[in-house]
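Ligands are counted one by one from 1 in listed order, and the atoms in each one are counted from 1 as well.
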Amino acid sequence: MVQHPKARSIVRRGLRTGESVRVLIPHSRVGTRLKQLAKEIRREFPKDPLHLIGVLKGCVLFLADLARELGGEVSFDFMAVSSYGKGTDSTGEVKLVKDLDVSIEGKTIIVVEDILDTGLTLKYLLRLFEEKKPKHLRVVVLLDKIDRRIADVRADYVGFTIPNEFVVGYGLDFAERYRNLADVCVLQFDSRGKAKS
Ligand code: IMP
């Protein structure tokens, strides 16, 4: 589990009343880990063109940074599924909002997810992708909240295993806010906070 010395620092700028964030994983640590993940992926597929499929929108910063660390031929596509709406609790429902633009048949696919929580989203996506007959299908997630898992799925590559807390930043949001924080942070509410979200 991630426990970093900076974990107690509070970022205050641009926050709504009743909300605060605590840095869980500083941006510099994310950068170091992405270099390692890219090496691990390239070790498994040294020559293959890699087709990254990002799950919008949380994947955007992660995918952009990871792609720059992967040498060789790399292409992107994006999927969008509905999951959390405006709150912090999963509805458990997964609905396809945007499908892939190009075929994945015969390609080496790396699904890029921001966070693996219940696993319901990933399970749904993997079933969809497997039917399309890729050459290889792998999953990389930045964050894994392993204690929250409901569906029987796992990622092939995991950036960080984190505790069961709601995190924002580095692409992850709460009601579309906080995606632009450089660090991965835990979102905290006081009595004035959550009611207004
Ligand atoms: P799952 O289907 O429960 O695994 O959830 C996957 C999706 O839920 C992720 O791609 C995120 O969009 C969202 N999610 C889960 N946990 C968090 C969190 O702590 N912060 C922000 N979004 C989250």
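- Backbone and side-chain nitrogen or oxygen atoms of V167 are examined, and one is located within less than 3.5 angstrom of a nitrogen or oxygen of ligand 1.
- Residue L172 touches ligand 1 through its side chain alone, judged by heavy-atom distances below 4.0 Å.
- No donor-acceptor pair under 3.5 Å is formed between the side chain of N164 and the backbone N or O of K145.
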| request: Tell me, with the steps shown, if E40 and R33 meet salt bridge (charged side-chain N to carboxylate O under 4.0 Å, His left out). | output: CA-CA 11 Å; E40 287 172 33; R33 186 69 187 118; 3.5 Å; yes
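- Residue contacts with ligand 1: V168 is placed with no nitrogen or oxygen under 3.5 Å of a nitrogen or oxygen of the ligand (distance criterion only).
- When only modelled atom types and interatomic distance are considered, Y170 and D114 share no side-chain donor-acceptor pair under 3.5 Å.
- Every heavy atom of R148 sits 4.0 Å or more from the atoms of ligand 1.
- The residue among T118, I115, V55 with a heavy atom at the shortest distance from atom 23 (C) of ligand 1 is I115.
- Contact annotation: L122 has no heavy atom less than 4.0 Å from any atom of ligand 1.
- D173 counts as a contact of ligand 1, since one of its heavy atoms falls under 4.0 Å from the ligand.
- Every atom of ligand 1 is numbered from 1 in the order shown, and the set under 4.0 Å from a heavy atom of K145 is 16 (N), 17 (C), 18 (C), 19 (O).
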| message | Quick one, K35 with E69, criterion salt bridge (charged side-chain N to carboxylate O under 4.0 Å, His left out). Give me CA distance, side-chain angles, the key distance, then yes/no. | response | CA-CA 6 Å; K35 286 186 204 303; E69 297 295 341; 3.3 Å; yes
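- At least one N or O atom of T121, backbone or side chain, sits closer than 3.5 Å to an N or O atom of ligand 1.
- Residue contacts with ligand 1 for E113 involve side-chain atoms from C-beta outward but no N, CA, C or O (heavy atoms, distance under 4.0 Å).
- Counting the atoms of ligand 1 from 1 in the order shown, those under 4.0 Å from a heavy atom of D114 are 9 (C), 10 (O), 11 (C), 12 (O).
- Within the structure, ligand 1 has G119 among the residues with a heavy atom less than 4.0 angstrom away.
- Aromatic pair F189/F174: centroids less than 6.0 angstrom apart.
- Close contacts of ligand 1 with E165, meaning ligand atoms under 4.0 Å from a residue heavy atom, involve 19 (O).
- Here the closest non-hydrogen pair linking V74 and R42 is CG2-NH2, 4.2 Å.
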| field | Audit row: V140, F62, side-chain contact (heavy atoms from CB on, under 4.5 Å) steps and yes/no | value | CA-CA 10 Å; V140 59; F62 177 39; 3.9 Å; yes
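- Remark: distances from the non-hydrogen atoms of L120 to ligand 1 include one below 4.0 Å.
- Heavy-atom minimum distance, E113 versus T121: OE2-CG2, 3.8 Å.
- Residues P26 and V23 share a closest heavy-atom pair of N-CG1, 3.9 Å.
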